[in-house]
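Naming convention: chains lettered A, B, ... in sequence-line order (proteins, then strands); numbering from 1 in each chain. Heavy atoms only: backbone and side chains are in, while hydrogens, waters and symmetry mates are out.
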2 protein chains.
Amino acid sequence: MVSSKDVAKRAGVSQSTVSRVMNDPLKVSKIARESVLHAMEELNYRPNSVARSLVNKKTKSIALISGPLHNPFFVETTTSIVNSAKQHGYHTNVHFENFGDNMSLYKDVLSHQFDGLILSSIFYKDPIYEELKKLDVHFVMFNRKHQSGGHYVEIDNIAAGRLAAEHLLKLGHRDIAWIGGDLKTSTFHGRHKGYLDAVTEQGIQIPEHFIQVNDTTRVEVHRAIESMLARKQRPTAIFAATDSIAIFILDYLHEKGYSVPDDISLIGMDNIEWSSHHSFQLTTVGHDGPKNLGQLAIEHLMDLMNSEKKEEEINITVEPKVFVRKTTKEL
Amino acid sequence: MVSSKDVAKRAGVSQSTVSRVMNDPLKVSKIARESVLHAMEELNYRPNSVARSLVNKKTKSIALISGPLHNPFFVETTTSIVNSAKQHGYHTNVHFENFGDNMSLYKDVLSHQFDGLILSSIFYKDPIYEELKKLDVHFVMFNRKHQSGGHYVEIDNIAAGRLAAEHLLKLGHRDIAWIGGDLKTSTFHGRHKGYLDAVTEQGIQIPEHFIQVNDTTRVEVHRAIESMLARKQRPTAIFAATDSIAIFILDYLHEKGYSVPDDISLIGMDNIEWSSHHSFQLTTVGHDGPKNLGQLAIEHLMDLMNSEKKEEEINITVEPKVFVRKTTKEL
DNA sequence: AGATTATTTGAATACGTATTCAAGTGTGTG
DNA sequence: CACACACTTGAATACGTATTCAAATAATCT
């Protein structure tokens, strides 16, 4: 490893001068500067970012705790976050939510230094929030939020859940099932609540097995839909709390010979790119903007890190709308 | 920031002792150890990984340069790599291939320290290879390889291209188009060569516009297929060099009212999870193992980093097979 | 020219941890 | 009791960079 000291020796100057040509070239004479640059070339010098981080107390890297990539929503946000961070000169350490034991994940993530954190893994009542506050790390939540507030970027999940349910109700459906993930997250909690509110307002009673809360993996979703359809009383429409879940359901239904929407209507949520694929044509609810939630999150994290205005909280709630396509139909 | 010095003061010992309870607890007396642990608790001490990295010359992190996530193949490999690295105690810095200017990307990636690198962005003749060798970084390539060898994990692309073409030939097709990405990569080069070999052996002449080399984004693929179908002489079958491309093509064809495979046959490559989705049922060529190429790459990188056996090169070429599903049909 | 100010430089130090080295303590042996 | 030996400890140093500080040199002004 060639260090700035080696460069200094070669160039016949002090290590300080080498450091200066990198950080403040105008503070050093032309003759010395060129000599240093030349020595750098010769030795193929690469500054050590770790040493630099130690003294600067900046790593120029952020951490991202994303939901699993089998949900395309997180594919889109991860891409945006990584690329946008890079644009701002930051590297991104990517982690995936660890179902069942997020605490050990947080411990792992926090064992390395970083300048900022973006996470979508938080529960509405999650002790990690206070932990992060105490450690004074800059963080913004996206897709989910915490009961205590903090910086977050979300969609109005309650409104979105309501919109989805109302779309189905308007089509004459009354037996509407809900399949989603853990209600301890603000996301699923809101989408569930909006749905239940809308349906209850119509005086509709939802049988217990119409509501399935599961892990959001393909196998778990298939298990959920299978157990639901095994019962005598079947829904005429299904509200999947994410497009990812909806697409898994679609897979199952097609496999089993059901026709969508003729046999059963299906609406998703998030308006991911896949949902508009002509093999799916998934009706969904989502945000209609040029920037996804990840993009919004990273931009605000950058603001947060580069201008110490920690006073004002960033609370962004974008409005949802229905994207009517081909998987829902009048009863 | 509370440092080991602060802990030492609080516990009434030296900083050395604090360091020892973390790295070699048996070397310190029980009484001192407990005092230190107690002080750590009280002060909520977190060791600074940057300082630790500086002296250890290990960052416990790797860098990944992946293809774009709009290709689900890279979704699967990225997930495997990140999770497996975590399993081994490593964090993963994720980067995405920068079409048009990978050199500036490499420069950026190399500006931070890391213990190992996994990349799928390399060209068959890429100067970065020598650069990496010179810098003595541990790296393994996956999905693509370099002319000079090095450590790599790939599928037999030539054989795979041949298999795809032969599948279509066996079904009676002779007007077979090829749509793929940059031929400067070993991947597309091999898949193209295998196809061309098989087709040429049958004495078939492929018109120029049957071969489209493009960026692999959705819009570019749509542009390619559109321009191809605008011509008078149309293919009866298309070989898409990745499943991702095939699925984009499927989207386009369905949008334009074509029926697959009745109007046109389509075969992909990679056997990604999406390809078996019942809305696609994509016939494809791929590897039939429990571990994807990313998984294999990370495992070998770990070997490489943790046991200085740099002598033997890791050259893994898995065998492809055809997965016949519903997008190809007898002419 | 002499005095003042601006520019350029290197020595020293700091960042937070791990490790070497020597000194100190205590234990057991002959 | 003298000696060897194991154990425990802290001071000092190293990792590679940035920065402060004071000294040296060059440039400017009266």
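Across all strands, B:Val55 comes closer than 4.0 Å to base atoms (heavy-atom distances). Counting any heavy atom pair closer than 4.0 Å across all strands shown, B:Ser16 reaches a base atom. If you check every strand for non-hydrogen atoms under 4.0 Å, A:Ser29 touches sugar and phosphate atoms only. In this structure, B:Val13 reaches the sugar-phosphate backbone alone: every heavy-atom distance under 4.0 Å involves primed, P, OP1 or OP2 atoms, never a base.
With axes fitted over five pairs at each extremity, the angle between the ends of the helix from C:dA1-D:dT30 to C:dG30-D:dC1 is 50° (10° resolution).
For the pairing with A:Leu301, the side-chain contact (heavy atoms from CB on, under 4.5 Å) check across A:Leu64, A:Val140, A:Leu296 returns one residue only, A:Val140.
Once rounded to the nearest 0.5 Å, the distance linking CG of B:Asn292 with OG of B:Ser80 reads 3.5 Å. The CG atom of B:Asp182 sits 5.0 Å away from the CZ atom of B:Phe123 when rounded to the nearest 0.5 Å. Within the model, atoms CD1 of B:Ile65 and NE2 of B:His95 stand 6.5 Å from one another, a figure rounded to the nearest 0.5 Å.
Where DNA chain D meets chain A (any atom under 4.0 Å from a heavy atom), the bounding nucleotides read 5' to 3' are D:dG16 to D:dT20.
Between B:His91 and A:His112, the ring planes lie parallel to each other; the angle is under 30°, not in the 30° to 60° tilted range.
Of the residues near DNA chain C, B:Thr17 and B:Leu54, the one whose nearest nucleotide (by heavy atom distance) lies more toward the 5' end is B:Leu54. Closest-nucleotide positions on DNA chain C for B:Arg20 and B:Arg46 were compared, and the one nearer the 5' end corresponds to B:Arg46. In terms of position along DNA chain D, the nucleotide closest to B:Leu26 lies nearer the 5' end than the nucleotide closest to the other residue of the pair B:Lys57 and B:Leu26.
Here the closest non-hydrogen pair linking B:Met302 and B:Ala85 is CE-CA, 4.1 Å.
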In a table with atom names and distances, give each donor-acceptor pair under 3.5 Å that connects a side chain of residues 113-121 of chain A to protein atoms at least two apart or in another chain.
{"from": "A:Gln113", "atom 1": "OE1", "to": "B:Ser49", "atom 2": "N", "distance (Å)": "3.0"}
{"from": "A:Asp115", "atom 1": "OD1", "to": "A:Thr59", "atom 2": "N", "distance (Å)": "2.9"}
{"from": "A:Asp115", "atom 1": "OD1", "to": "A:Thr59", "atom 2": "OG1", "distance (Å)": "3.1"}
{"from": "A:Asp115", "atom 1": "OD2", "to": "A:Thr59", "atom 2": "N", "distance (Å)": "3.2"}
{"from": "A:Asp115", "atom 1": "OD2", "to": "A:Lys60", "atom 2": "N", "distance (Å)": "2.7"}
{"from": "A:Ser120", "atom 1": "OG", "to": "A:Gly67", "atom 2": "N", "distance (Å)": "3.2"}
{"from": "A:Ser121", "atom 1": "OG", "to": "A:Tyr106", "atom 2": "OH", "distance (Å)": "2.9"}

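No side-chain heavy atom of A:Gln147 sits under 4.5 Å from any side-chain heavy atom of A:Tyr129.
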